[in-house]
J.: 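This is the structure, below, for whatever I ask next.
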Amino acid sequence: MSEERKYTIGALVSNKSGVLTRISGLFARRGYNIESLCVCETEDPEISRMTIILKGDEYVLYQMIKQMDKLDDVKKIGCANELDCVYRELLLVKVKAQPKDRSQIIEINEIYKAKTVDLSPDTMILELTGDPEKLDAFLKVISPYGILEMQRTGVTVLARGGHTLKDRDCYSDHIF
Amino acid sequence: MKLKGAEILINCLAEQGVDTVFGYPGGAVLDIYDALYRDGRIDHVLTAHEQGAAHAADGYARVTGKTGVCFATSGPGATNLVTGIATAYMDSVPLVAVTGNVGINFLGRDSFQEIDICGITIPITKHNFIVKNVEELADTVRKAFYIAGSGRKGPVLIDILKNVQVAECEYEPKTPVPYTPAPVPAEKLKDIAAAIDACKKPLIIAGGGVIASDSAGLLSEFAKKLDSPVVYTLMGKGCIAESDPLCLGMIGMHGTIAAAKALLAADTLIVFGSRFSDRVALDRDRFAEGKTVIQIDIDNAELDKNVKTDLRLMADIKETLKSLIPLVAEGQRKDWLVKVEGFKKENAAKKDDSTRAYSIIKAASELAPEGSVLVTDVGQHQMWAAQHYETNEPRKFCSSGGLGTMGYGVGAAIGAYFGSKKLPVLVTGDGCIGMNMNEIMTAVSRNVPMVILLMDNRVLGMVRQWQKIFYEKRFSATVLNRKVDYVKLAESMGGVGMCLAEEDDPREVIKKAFSEAQAKKLPVLVDCKIPPDDNVLPMIKPGHTYDRQLEKMEDN
């Protein structure tokens with residue numbers, strides 16, 4: 001059995017109610033370990049794009065792709081080549097910010113190119129976009145101030161260059 | 001022309017060539033039943049319970065190869081279909097289940113007999129639809145049939161809201177789109193042919209996919225050309241004649257000794273339409289240790305799922321065999337066949353023919369009228385039937401393999417009769433009959449000639465067998481202690497009942513059962529008394545390899 005790692009899977013699916021249930025039900029049923037799931041409508045209103053971060057080995061990866069591919073609502077599916085893709089995730093985090101800490105937090109923001117999007121007498125909401133590792137690093141630095149709540153959108157991915165997921169004909173070629 | 005939704009449904013079923021529907025009416029399908037009545041082209045078989053209707057549609061599909069259809073109302077009607085749909089799903093049987101549901105104004109408000117049957121059946125259907133708009137109905141029904149009958153076949157459910165059934169819209173008849181399998185990739189086929197030509201001791205494992213793709217004839221031809229023995233899985237029973245010199249019988253937990261020996265000795269496994277379930281590949285990591293595995297399946301997700309393969313091909317088996325037969329060299333494997341012959345001899349010498357069930361099933365197999373279909377329930381009797389009843393043609397065997405549904409039998413036998421118009425032989429047990437005996441009433445109402453061989457051992461035999469092997473004979477909840485007179489039971493339902501005592505000659509009684517069933521066009525139940533402690537042998541325990549086949553209980 002090959003090593004466990006993270007894989008990024010992209011899928012174009014019907015933009016209808018119930019599709020997410022079918023797909024998430026499949027993951028639960030077959031015991032796939034999903035770290036992140038991001039779904040939204042695409043340029044074609046009938047199609048949604050789904051980005052899934054799976055933790056598993058190659059066996060799980062192939063099984064998941066093949067099982068998903070059998071669903072009528074899954075139109076295209078592929079595993080991303082990490083080296084040739086742009087990964088982005090958005091983070092909103094509400095931190096405790098006493099007046100004495102504010103300038104330090106703003107300094108951290110500048111380094112990470114994060115934005116302050118809300119300020120109250122003792123809290124701040126910070127917004128950061130980047131790849132998941134950058135978000136992780138930012139959170140590590142900001143957490144000593146006290147995270148009140150946070151939300152991440154999940155990872156979104158597009159391949160660099162001319163490749164598109166909808167033009168792929170087969171998921172066995174590793175790149176989209 | 002403008003039609004009501006319910007009429008559109010019936011017209012679309014007729015488009016698809018549906019001649020028989022199994023079902024049970026109710027509040028949410030009244031309009032559909034009214035349209036069915038007024039249309040008159042489709043025969044409706046009213047069952048005693050919706051589960052029976054689903055199993056009947058399944059039996060119909062297995063014997064005809066066509067898509068079976070069942071109807072049920074909303075709520076409990078729909079939930080009663082669930083076991084039947086799951087049975088079909090696990091065995092890749094094409095089925096379209098039509099349910100009614102409350103009107104759109106009542107949907108999502110926990111209305112009377114409202115249930116989210118689409119939500120419930122997601123894991124047990126290939127796909128399902130809820131139709132909320134009459135304009136979508138016709139194409140949804142067409143798509144449902146296409147999905148059910150294409151690729152790896154399976155069940156599809158259509159939930160039609162009450163308002164859709166009464167709403168009108170324009171209906172244009174359409175001819176069904178035929179399913180054409182994708183062409184077989186030539187490069188991969190060449191590699192497979194080369195691997196086959198290079199092997200000395202091939203073994204073909206034929207699964208349900210061989211029957212589903214109608215390629216039984218091609219399979220025998222292929223085996224003959226290669227000089228390769230063939231074993232079949234439970235789902236593949238009938239894909240090769242038992243009398244074929246290359247056939248070594250069933251493989252698996254209760255498979256033949258010959259099949260196990262051949263598996264161990266083979267250097268290459270050529271697997272058609274089999275998913276290496278845990279009842280076949282009991283130890284999936286060691287099942288094919290040291291052998292070349294070539295797997296061909298229409299479902300890509302089955303390739304490499306349970307057993308790691310060396311060569312794999314996602315393709316229709318019929319198309320594959322058509323192209324593969326001319327590609328492979330004529331086998332020169334006489335030494336291998338001599339060895340295989342030895343396995344067969346050993347098998348014949350060690351075959352467990354001591355059980356009472358063996359003599360009963362053997363007699364039924366020999367005396368059954370031409371073309372009859374074997375149907376089983378689930379348990380010891382199922383395995384005895386699979387082992388001892390000769391099935392020499394595809395689509396003459398119906399059994400719940402994947403799900404192992406006790407209570408499958410009578411409903412499936414009714415469906416098998418309507419599909420084949422031939423007498424079904426149902427082998428069942430006193431456990432299973434308790435779950436589905438109600439459908440004997442259906443068989444009587446519809447004059448279905450059927451012979452029910454009830455293996456009456458007063459215990460839940462298969463569970464008891466496991467309690468003997470794994471639980472030191474603690475017979476928890478497996479002694480039935482029922483006081484049912486099965487002869488009277490059959491007669492009270494309008495059928496014929498017969499008793500076969502342990503000391504009686506089975507041939508005489510069974511012969512009479514067949515002739516009465518045919519003459520009276522009624523189900524004949526034969527209460528076959530058998531001892532409670534007969535066992536199904538040989539047996540390989542879960543997780544064990546094929547060199548540890550249990551031939552006698554004493555060896556346990």
J.: If you draw a 6.0 Å radius around CZ in B/F106, do more than 12 non-hydrogen atoms from other residues or ligands fall strictly inside?
T.: no
J.: I'd like to know whether NZ of A/K75 has more than 12 heavy-atom contacts from other residues, nucleotides or ligands below 6.0 angstrom.
T.: yes
J.: Within a reach of under 6.0 Å around NZ of A/K134, are more than 12 heavy atoms found that belong to other residues, nucleotides or ligands?
T.: yes
J.: What part of B/K308 gets within 4.5 angstrom of chain A, counting heavy atoms only: side chain, backbone, both, or neither?
T.: neither
J.: What's the separation between atom CZ in B/F129 and atom CG in A/D72, rounded to the nearest 0.5 Å?
T.: 6.0 Å
J.: Is the CD atom of A/E127 crowded by more than 12 outside heavy atoms at less than 6.0 Å?
T.: yes
J.: Give, as side chain, backbone, both or neither, the part of A/R22 having an atom under 4.5 angstrom from any heavy atom of chain B.
T.: both
J.: Between B/N128 and chain A, which part of the residue has a heavy atom less than 4.5 Å away: side chain, backbone, both or neither?
T.: both
J.: Check whether any side-chain heavy atom of A/Q63 lies under 4.5 Å from a side-chain heavy atom of B/D304, and answer yes or no.
T.: no
J.: Give a yes or no on whether B/R286 atom CZ has more than 12 heavy-atom contacts from other residues, nucleotides or ligands under 6.0 Å away.
T.: no
J.: Within the structure provided, determine whether A/D73 and B/H127 are in side-chain contact (heavy-atom separation under 4.5 Å).
T.: yes
J.: Side-chain contact, heavy-atom cut-off 4.5 Å: B/N300 with A/D69?
T.: no
J.: Roughly how far apart are A/K66 NZ and B/K305 NZ, rounded to 0.5 Å?
T.: 10.5 Å
J.: Using non-hydrogen atoms only, which part of B/L303 is less than 4.5 Å away from chain A: side chain, backbone, both, or neither?
T.: both
J.: So with a 6.0 Å cut-off around CZ of B/R284, is the heavy-atom count from everything else above 12?
T.: no
J.: With a sphere of 6.0 Å drawn around NZ of A/K70, does it hold more than 12 non-hydrogen atoms of other residues, nucleotides or ligands?
T.: yes
